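To keep things clear, I will list the structure first and then write my remarks on it.
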Amino acid sequence: MKIHEYQAKQLFRRYHIPVPAGDIACTPDEATAIARKFEKFPLAVKAQIHAGGRGKGGGVRLAWSFDELAGHAEAILGMNLVTPQTGPEGRLVRRVLIEEGVDILQELYLSLMVDRETACVLVIASGAGGMDIETVAAETPEKIARVPINPLVGIKRHHCRQVAGALDLDESMFVPFCNLLFGLYALFVENDCSLLEINPLIRTAEGNFTALDAKIEIDDSALYRHKDLLAFRDLNEEDPLEIEASKYKLNYINMDGTVGNMVNGAGLAMAVMDTIKLAGAEPANFLDVGGGATAEMIENGFRIILSDPKVRAILINIFGGILRCDVLADGVVAAARKIDVKVPVIVRMEGTNVEEGRDILARSGLSIYTAADMKDAGELVARLAASNGNQYREASNS
Ligand code: GDP
Ligand code: MN
């Protein structure tokens with residue numbers, strides 16, 4: 001789960017990580033009211049969306065007067081903010097963070113993430129932080145340091161030493177830096193974060209640090225033990241189909257391609273997506289209905305894929321283990337009867353009660369393609385999506 005910058009900064013405050021004073025506004029009037037509480041300019045007006053690169057898209061602006069502040073709030077609130085991370089469709093801005101302006105001595109980059117390769121919390125740091133960190137990473141990767149922290153041992157001063165060294169920090173900064181990194185590590189572990197990123201982290205004239213930006217992602221699988229963090233969820237920022245799928249406990253991720261697919265088991269789902277790509281098509285989604293899926297879950301999964309307008313053909317690939325093939329077939333037939341299916345559907349199944357399952361599909365009177373093995377299924381669905389998708393639509397409409 002991603003959370004907004006202003007929410008991440010609330011968490012930072014709980015762990016005594018310095019952030020600029022600020023408050024959230026939904027209208028220009030609210031923005032002005034917040035500005036009146038500050039005694040000086042500049043103030044920063046920052047769009048709150050679940051995507052970075054806001055500065056480059058005009059979503060972060062400094063104001064030097066009340067008029068300018070109201071103007072920025074007016075311009076940013078309600079704008080469709082396009083940044084390198086939103087895709088061309090952009091994101092609607094519903095809230096802005098009004099924050100005291102900070103003098104910048106130096107912009108640093110600091111992040112913590114879960115590194116699956118080393119099974120460690122990886123600290124990534126660079127003295128060349130700011131809006132062009134992606135260019136730094138691509139062109140001068142040696143300017144970015146990586147320090148793994150074994151979670152069984154936890155963070156120690158020598159880790160801080162290593163990171164501070166890579167950032168070329170003055171000795172006088174070491175104690176404040178240690179406090180910062182210890183606080184961030186505690187926040188990261190105690191809240192089951194998968195990512196925590198500060199870019200830029202500012203070195204202040206007073207010899208301390210301030211997190212000017214804040215990005216946090218929480219591991220969804222750990223949310224059950226962080227009920228307080230659930231309040232941070234913003235459904236406006238999530239994909240409507242993914243929200244719908246989460247209601248039925250389906251593991252669904254919306255993607256860019258045209259081939260919808262429904263599979264039981266994450267490993268098999270990955271293999272099916274590979275098969276689709278190998279056949280020259282692109283998957284429209286990842287959907288793992290799980291080992292113990294019911295006919296109702298199958299029906300809901302099928303309905304969610306069908307309501308995605310990008311989808312031009314669907315491949316259902318199920319290995320009948322705990323989920324029996326006849327249950328799957330019942331679910332598919334029930335869904336297909338309720339919904340007007342306008343794209344070709346290919347079913348490939350194997351395992352428990354496969355004969356009964358095939359029988360149910362055959363007797364349904366629905367035009368569902370069956371495929372014997374995965375390769376055939378992948379090739380067929382790719383071909384249908386590429387050429388027949390539209391023809392099929394027209395034919396089945398007439
Ligand atoms: P992002 O572009 O989405 O990562 O948004 P950031 O919060 O990182 O803001 C973008 C840039 O705006 C930062 O890298 C800073 O250079 C600048 N910026 C943000 N807030 C302030 C501020 O209070 N004072 C100054 N001088 N610059 C700021
Ligand atoms: Mn940033």
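Residue numbers start at 1 and run along the sequence shown. In this text the structure is predicted, and so the values were computed from the model without any measurement. Just so you know, ligand 1 is whichever comes first in the structure, and atom 1 is the first atom listed for that ligand.
In this structure, His72 contributes its side chain and Leu69 its backbone to no donor-acceptor pair below 3.5 Å. Side-chain N or O atoms of Arg324 include none that pairs as donor or acceptor with a backbone N or O of Gly321 at under 3.5 Å.
Taking a cutoff of 4.0 Å between a charged side-chain nitrogen and a carboxylate oxygen, Asp234 and Arg95 qualify as a salt bridge. Taking 4.0 Å as the cut-off between side-chain N and carboxylate O, Lys215 and Glu5 do not count as a salt-bridged pair. A salt bridge links Glu379 with Lys375: the closest approach of a Lys/Arg side-chain nitrogen to an acidic carboxylate oxygen falls below 4.0 angstrom.
Among protein residues, Lys46, Gly52, Gly53, Arg54, Gly55, Val60, Leu62, Glu100, Gly101, Val102, Ile104, Glu107, Met131, Asn199, Pro200, Leu212, Asp213 come within 4.0 Å of ligand 1, judged on heavy atoms.
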Show your working on side-chain hydrogen bond (donor to acceptor under 3.5 Å, both in side chains) between His226 and Asn191 and close with a plain yes or no. CA-CA 7 Å; His226 298 291; Asn191 294 280; 4.6 Å; no

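By the criterion of side-chain heavy atoms lying less than 4.5 angstrom apart, applied directly or through intervening Ile, Leu, Val, Met, Phe, Trp or Tyr residues, Val19 is grouped together with Phe232 in one hydrophobic cluster. The same ILVMFWY cluster, assembled from side-chain heavy atoms under 4.5 Å apart, contains both Leu11 and Leu110.
Ring centroid separation for the pair Tyr252 and Phe286 does not come in under the 6.0 Å cut-off.
For a distance threshold of 2.8 Å, the protein N, O or S atoms nearer than that to the Mn ion (ligand 2), listed by chain and number, are Asn199 O, Asp213 OD2.
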